[in-house]
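Working notes, structure below.
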Amino acid sequence: MGRLIVVSNRAPSVDGSSDSGGLVVALIEALAKNGGLWIGCAPEQSDTPTEDLVFHQRPDFDIGLFELEPELYRDYYLGYSNSVLWPALHGRVDLIDVQPRYAKAYREVAKRLAALIAKTARDDDLIWVHDYQMIPLAHELKELNVKCRIGFFLHIPLPDLQTFKAIPDWKDLAKWLSDYDLIGFQTRRDLGHMINIFRHTMRGELRANGTMGIAGREVALGSFPISIDVSGFRRLAAKGAENTEPAPLPRLIGVDRLDYSKGLPQRLAGYEAFLARHPEFRSKVALLQIAPPTRDDVDAYKAIRSELEHLSGHINGRFGTVEWTPVQYIHRAMPRNELAVLFRFSRVGLVTPLFDGMNLVAKEYVAAQDETDPGVLILSQFAGAAEEMTEALIINPHDPEDIARAIKTALEMPLAERIGRHSALYAHLDQHNVGRWSAAFLKQLLSVQRLSPDGVAPFPGSTPWTQTA
Ligand code: GDG
């Protein structure tokens with residue numbers, strides 16, 4: 001019976017302390033079922049990396065860590081992954097920092113990782129690769145004659161063809177993607193971009209069953225919107241609220257890694273426009289923005305940090321009084337349970353990315369609400385979540401006046417309308433939680449029939465591997 005092998009840049013912690021994030025919760029059951037393995041980078045780099053994965057056993061699944069030299073890790077992770085692919089795939093080609101050594105390190109890491117995985121993978125295992133740091137992995141595994149079915153899920157957006165072609169290695173990236181058996185995207189938007197990219201760059205042909213014929217093989221594609229543990233997050237928020245005082249003023253909340261894709265300056269510009277247009281709300285509301293640091297060593301992240309500090313200081317200087325601070329800005333991570341309560345006690349959730357694969361904060365905000373007196377979600381049309389969460393107030397983050405109007409509408413929205421919108425959003429999330437997301441992806445990966453060169457399917461049906469609910 002085959003195992004599920006999950007590969008991502010970071011593995012969950014060996015002691016289970018980082019499990020509360022959605023991905024581990026989503027996969028734990030599937031991993032536990034058949035003796036699963038999660039492979040990721042070791043938290044510390046090493047000048048003398050081990051030649052094998054370093055295995056750790058948890059009660060539910062095994063973890064295999066791979067070590068990298070500090071310089072190789074920097075060039076692969078901060079370099080190619082986060083200074084080339086992250087900006088490019090988020091449509092910020094102006095921020096790409098092209099360095100030949102970054103691309104070299106990216107390929108080198110995939111090659112090394114493939115060699116380590118090839119030592120442990122068996123033909124009937126399923127390999128599920130996560131995210132943009134790992135795109136060449138299927139290609140490298142196939143070079144080593146690994147025969148497992150290999151799926152890939154892209155957590156971040158895939159831009160349109162023209163933007164994709166701005167990446168110097170776009171042809172390689174398209175080829176590497178086509179080496180997977182199944183590619184999953186957050187949205188139909190991104191799926192459409194992939195189909196277009198394959199059509200134009202690899203003469204891909206869309207088949208009636210939704211797969212694409214590319215260079216003599218068949219690649220399955222699908223949109224699988226990721227979610228959260230909806231009822232778990234709701235319980236966390238409700239429990240925490242029992243011992244917490246509500247906010248003194250109606251609060252607007254934003255929670256985002258401090259990243260230029262999240263539209264934070266645009267959010268503050270919208271809030272400033274709102275306060276400028278509606279003096280009657282001054283001293284009557286407050287914006288709490290939590291923006292923990294991330295990828296601090298990349299210049300573009302230093303720039304967004306000082307921009308945000310400048311803007312929040314500017315708004316506080318312009319409108320603040322001795323008694324009232326319009327913007328509270330926290331540049332630190334908060335514990336997850338505290339975050340859940342802050343969401344619950346906030347009248348408005350502000351999620352304004354310029355481009356986002358999904359955006360889990362939008363889903364967490366809705367899950368955390370008190371259904372008898374829920375807050376209102378303001379959501380960017382460019383977040384993947386906007387495809388599903390149509391009862392939110394959908395805005396254009398580039399238009400401060402649009403954000404300002406939505407803030408006013410949200411603050412003045414009657415209870416009955418708030419309840420109506422929230423219950424529709426919650427019902428959708430509850431039915432499409434993160435367990436359903438992983439089950440849907442794995443089900444499709446299992447149904448892939450990979451033909452060996454002699455035309456024989458080595459994996460008849462989906463019998464060898466048991467699927468979780
Ligand atoms: C990528 C894609 C896609 C944030 N601040 C704190 C904190 N967080 C948590 C949030 C949420 C998570 O981090 C952020 O998830 P997002 O989905 O909003 O964004 P990315 O980190 O960019 O994630 C995204 C996601 O992958 C999943 O596929 O949705 O589009 O970009 O859970 O609550 N958590 C704690 N303290 C904080 O201060 N504990």
Side-chain angles (χ1 to χ4, degrees), residues 6 8-10 13 17-27 81-82 85-92 128-134 152-159 184-187 189-190 223-230 232-234 236-237 240 253-264 267 288-295 301 304 328-344 346 349-368 377 379-380 382-389 429 432-434 437-438 441:
V6 175
S8 61
N9 178 58
R10 284 250 181 265
S13 59
S17 58
S18 67
D19 282 7
S20 53
L23 202 53
V24 186
V25 174
L27 294 174
S81 299
N82 286 311
L85 288 181
W86 178 276
L89 298 181
H90 282 89
R92 292 298 306 269
W128 187 357
V129 179
H130 288 264
D131 230 359
Y132 62 102
Q133 302 92 346
M134 300 283 163
F152 176 75
F153 185 77
L154 186 66
H155 289 256
I156 68 174
L158 188 70
F185 299 93
Q186 301 273 26
T187 52
R189 167 194 75 189
D190 300 344
S223 129
F224 302 88
I226 199 168
S227 190
I228 58 166
D229 172 12
V230 179
F233 202 76
R234 184 175 67 83
L236 193 65
I253 192 167
V255 176
D256 313 73
R257 286 184 306 96
L258 183 44
D259 193 291
Y260 49 79
S261 67
K262 301 293 181 185
L264 294 164
R267 184 177 308 170
L288 171 61
Q289 177 63 54
I290 297 166
T294 178
R295 305 169 197 164
Y301 288 79
I304 184 80
Q328 283 181 290
Y329 166 59
I330 299 178
H331 183 54
R332 281 190 314 278
M334 306 276 287
R336 192 165 170 79
N337 55 338
E338 286 181 30
L339 218 52
V341 181
L342 287 170
F343 282 141
R344 190 175 177 94
S346 295
L350 276 170
V351 178
T352 59
L354 307 179
F355 206 10
D356 214 333
M358 176 53 61
N359 197 296
L360 295 180
V361 170
K363 297 190 170 183
E364 290 165 354
Y365 177 76
V366 168
L377 175 65
L379 179 60
S380 162
F382 302 116
E387 264 189 22
E388 295 171 87
M389 303 182 80
L429 292 187
H432 299 83
N433 66 19
V434 72
W437 166 79
S438 58
F441 185 92

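Both ligands and their constituent atoms are indexed starting at 1 by order of listing. All values derive from a computational prediction rather than experimental measurement. We use all heavy atoms of the structure for the numbers below, so side chains are in, but hydrogens, waters and symmetry mates are not.
Using cut-offs of 30° and 60° for the angle between ring planes, the His90 and Phe355 rings count as perpendicular. Aromatic ring pairs are classed by plane angle as parallel below 30°, tilted from 30° to 60° and perpendicular above 60°; the pair Phe343 and Phe233 is tilted. Relative orientation of the Trp437 and Trp128 rings is tilted, given thresholds of 30° and 60° on the angle between their planes.
Looking at Leu360 next to ligand 1, an N or O pair under 3.5 Å apart turns up. The distance criterion of under 3.5 Å between nitrogen or oxygen atoms is met by Met334 with respect to ligand 1. Considering backbone and side-chain N/O of Asp256, none are found under 3.5 Å from N/O of ligand 1.
Judged purely by distance below 3.5 Å, without hydrogens or angles, the side chains of Asn82 and Tyr132 pair a donor atom with an acceptor atom. No hydrogens or angles considered: a donor-acceptor pair under 3.5 Å links the side chains of Asp256 and Gln289.
For Tyr301 and Tyr260, the ring centers are positioned less than 6.0 Å apart.
In this structure, the protein non-hydrogen atom closest to atom 24 (C) of ligand 1 is Asp356 OD1, 3.4 Å. Scanning the protein for heavy atoms near atom 2 (C) of ligand 1, the closest one is His155 O, 3.7 Å. The shortest contact between atom 10 (C) of ligand 1 and any protein heavy atom is with Glu364 OE1, 3.5 Å.
The distance from ligand 1 to the heavy atoms of Val361 drops below 4.0 Å at these ligand atoms: 10 (C), 18 (O). Every atom of ligand 1 with a heavy atom of Val255 under 4.0 Å away is listed here by number and element: 4 (C), 5 (N). Applying the 4.0 Å criterion to heavy atoms of Gln186 picks out, from ligand 1, the atoms 3 (C), 28 (O). Of all atoms in ligand 1, numbered sequentially from 1 with element shown, those under 4.0 Å from a heavy atom of Leu339 are 6 (C), 7 (C), 33 (O), 34 (N), 35 (C), 36 (N), 37 (C). The atoms of ligand 1 that sit less than 4.0 Å from any heavy atom of Gly357 are 30 (O). Counting the atoms of ligand 1 from 1 in the order shown, those under 4.0 Å from a heavy atom of Arg257 are 20 (P), 21 (O), 22 (O).
With rounding to the nearest 0.5 Å, the separation of CZ in Arg189 from CG in Leu158 is 9.5 Å. To the nearest 0.5 angstrom, Leu342 atom CG is 12.5 Å from Glu364 atom CD.
For the ligand labelled ligand 1, residue Trp86 lies inside the 4.0 Å heavy-atom shell.
Ranked by closest heavy atom to atom 20 (P) of ligand 1, the top entry among Arg332, Met358, Lys262 is Lys262.
Counting heavy atoms under 4.0 Å from ligand 1, residue Asn359 touches it through both backbone and side chain. Proximity of Pro292 to ligand 1, defined as any heavy-atom pair under 4.0 Å, is confined to the side chain (atoms from C-beta onward).
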